There are 2 protein chains.
Amino acid sequence: MTVIRKTQAQEAVLSLLEAASTALSADEILQQIDVSVNKTTVYRMLERFVAAGKVHFVTDTDGKAHYALCSSGCKQNHTLHNHLHFQCKVCNQVECLPVKLEVPVLENYEVHEMQFLTVGVCPKCK
Amino acid sequence: MTVIRKTQAQEAVLSLLEAASTALSADEILQQIDVSVNKTTVYRMLERFVAAGKVHFVTDTDGKAHYALCSSGCKQNHTLHNHLHFQCKVCNQVECLPVKLEVPVLENYEVHEMQFLTVGVCPKCK
DNA sequence: TTGTTAATGCAGTAAAGTTGCTTTAATAAA
DNA sequence: TTTATTAAAGCAACTTTACTGCATTAACAA
C-alpha cells in the first residue's frame with residue numbers, strides 16, 4: 001500500500017471535511033479551502049481518501065459527488081456505508097443521516113458499496 | 001397538465017424501456033433505438049416521462065442516470081421509489097431489484113424521492 | 001381542413017470529472 | 001544534514017453527460 005503523505009493541501013481538505021456538517025462536493029471544497037489548491041489535486045486527493053477508507057461519497061441525483069469523512073460507525077459491515085443520505089432540492093446540500101438501513105443479502109450478487117439517498121427539502125429550507 | 005402526444009419516437013423509447021431488463025441510460029437508448037431520434041429529444045422525453053410518473057431513474061456512482069419504467073409496485077407510497085437498485089462495476093449496467101427497503105420517518109424532513117443503490121458485481125459478471 | 005402547441009432537431013454551451021505530463025516537495029535513507 | 005525517491009501537486013487539454021435557445025415539424029382537437 002502506498003503511503004499517504006502529510007501535505008498542506010491534504011490536511012486542509014481533511015479539516016474542512018471534519019468541520020463540515022454536510023457532505024462536500026469538490027467544488028464546495030475548492031470554494032471553502034483557505035490554501036491554494038488545484039482542482040485536479042482535490043479530485044485526486046478525494047480519490048485517495050476514498051481508496052484508503054477515510055472518506056466516502058454519495059452521488060446526488062444531478063450526478064455530482066459529495067464527500068464526507070467516514071465515522072466510526074460508518075463502515076461497520078466491512079466497507080459498506082449503509083446509512084442514509086439526504087439531498088435538499090432547495091439548498092442542494094447533501095448530508096449523512098444517522099439512520100442505518102437493513103439490506104437483505106442479495107443472492108448471487110457481490111455487493112461492495114451502498115449509496116442510499118433520500119431527496120426533498122431539509123429542515124432549514126422548509 | 002399538458003398532454004403527452006403519441007409520437008413515433010416516444011413509443012419507441014417506451015417499448016425499449018418495457019423490453020429492457022435493466023435501467024437504461026440515455027446513451028443506451030440512443031444506441032438501441034431503431035428509429036432516428038435526436039439526443040436532446042431523448043433527454044426531454046425522459047424528463048417528461050419522469051414528471052408524468054411513468055418512469056423513474058437512478059443516478060449511478062459515476063453520475064450517469066439510468067431510466068426504468070415504473071411498475072405497479074414501484075411507487076406504492078405516493079411517488080417514492082423505495083426499492084433497491086444494483087450497479088455492476090464490470091458491465092456498468094444498473095438494474096431494479098425487487099427488494100424494498102423500509103425507511104423510518106425523517107422528522108422535519110420533507111422526502112420527495114429515494115434512490116437506493118448497491119454497487120458491486122452482478123451474477124452475470126461474477 | 002386548419003390552428004394550436006407538443007415534440008423534435010440542431011448547434012452551441014455548461015458542469016463535473018479525467019488524463020498526460022512536468023514539476024514540486026514530503027519522507028526515507030545515507 | 002544532505003541526498004534520493006516518489007507521492008503529491010499543478011497545468012492544460014479533453015471527455016462525458018446533460019442542458020438551453022431557437023427554429024421547425026407534426027399530433028390532434030376543433
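Here is how names work: the chains are called A, B, and so on, in the same order as the sequence lines, proteins then strands, and each is numbered from 1. Predicted, not measured: the structure shown is a model, and the values here were computed from it. Side chains included, hydrogens not; waters and symmetry mates left out as well; all remaining heavy atoms used.
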Rounded to the nearest Å, what distance is computed from the [atom1] atom of residue [X] to the [atom2] atom of nucleotide [N]?
X     : N      : atom1 : atom2 : value
A:K64 : D:dA18 : NZ    : C1'   : 14 Å
A:L30 : C:dA15 : CG    : P     : 14 Å
B:D60 : D:dT17 : CG    : P     : 9 Å
A:D27 : C:dA14 : CG    : C1'   : 13 Å
A:Q10 : C:dT24 : CD    : C1'   : 14 Å
B:E47 : D:dC19 : CD    : P     : 6 Å

Quick one: does [X]'s side chain get under 4.5 Å of [Y]'s, heavy atoms only?
X      : Y      : value
B:L101 : B:N82  : no
B:T61  : A:Q115 : yes
A:R44  : A:R48  : yes
A:K126 : B:E110 : yes
A:K64  : A:F57  : no
B:L117 : A:T59  : no
B:H112 : A:V119 : no
A:V103 : A:F116 : yes

Does any residue of residues 12-21 of chain A have a heavy atom under 4.0 Å from DNA chain C, and if so, which ones, in number order?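 Those residues whose heavy atoms fall under 4.0 Å from DNA chain C, taken from residues 12-21 of chain A, amount to none.
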For DNA chain C, determine which residues of residues 32-46 of chain B have any heavy atom closer than 4.0 angstrom to one of its atoms, and list them numerically.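 B:S36, B:V37, B:N38, B:T40, B:T41, B:R44, B:M45, in order of number.
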Side-chain donor or acceptor of A:T118 paired with backbone N/O of A:L84 under 3.5 Å: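 Side chain of A:T118 to backbone of A:L84, a donor-acceptor pair under 3.5 Å: no, none is there.
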Would you say A:V37 ends up clustered with A:V13 if hydrophobic residues are merged whenever their side chains have heavy atoms under 4.5 Å apart, either directly or through other cluster members?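 Yes, A:V13 and A:V37 fall within the same hydrophobic cluster.
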Along DNA chain D (nearest heavy atom to each residue), the more 5'-positioned of A:A9 and B:D62: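 Taking each residue's closest nucleotide, the earlier one in sequence belongs to A:A9.
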Checking A:F49 now: which residues fulfil ring-ring contact (aromatic ring centres under 6.0 Å, His included) with it, not counting sequence neighbours?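 A:F49 satisfies ring-ring contact (aromatic ring centres under 6.0 Å, His included) with no other residue.
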Distance-only donor-acceptor check, side chains B:H66 and B:H56, under 3.5 Å: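 Per modelled atom types, B:H66 and B:H56 side chains form no pair under 3.5 Å.
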For residues 14-32 of chain B, tabulate all N or O donor-acceptor pairs below 3.5 Å that involve a side-chain atom, not counting sequence neighbours.
residue, atom, partner, partner atom, Å
B:S15, OG, B:E11, O, 3.2
B:S15, OG, B:A12, O, 3.1
B:T22, OG1, B:Q93, OE1, 3.4
B:S25, OG, B:E28, N, 3.1
B:S25, OG, B:E28, OE1, 3.4
B:D27, OD2, B:Q31, NE2, 3.1
B:E28, OE1, B:S25, N, 2.8
B:E28, OE2, B:Q93, NE2, 2.9

Any chance you could list the contact pattern along nucleotides 25-30 of chain D? Use B for base contacts, S for sugar-phosphate-only contacts and - for none, protein heavy atoms under 4.0 Å, 5' to 3'. -BBS--
When the axes are fitted on five pairs at both termini, how much does the helix from C:dT1-D:dA30 to C:dA30-D:dT1 curve, in 10° steps?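 Computed from the C1' atoms at both ends, the axes differ by 40°.
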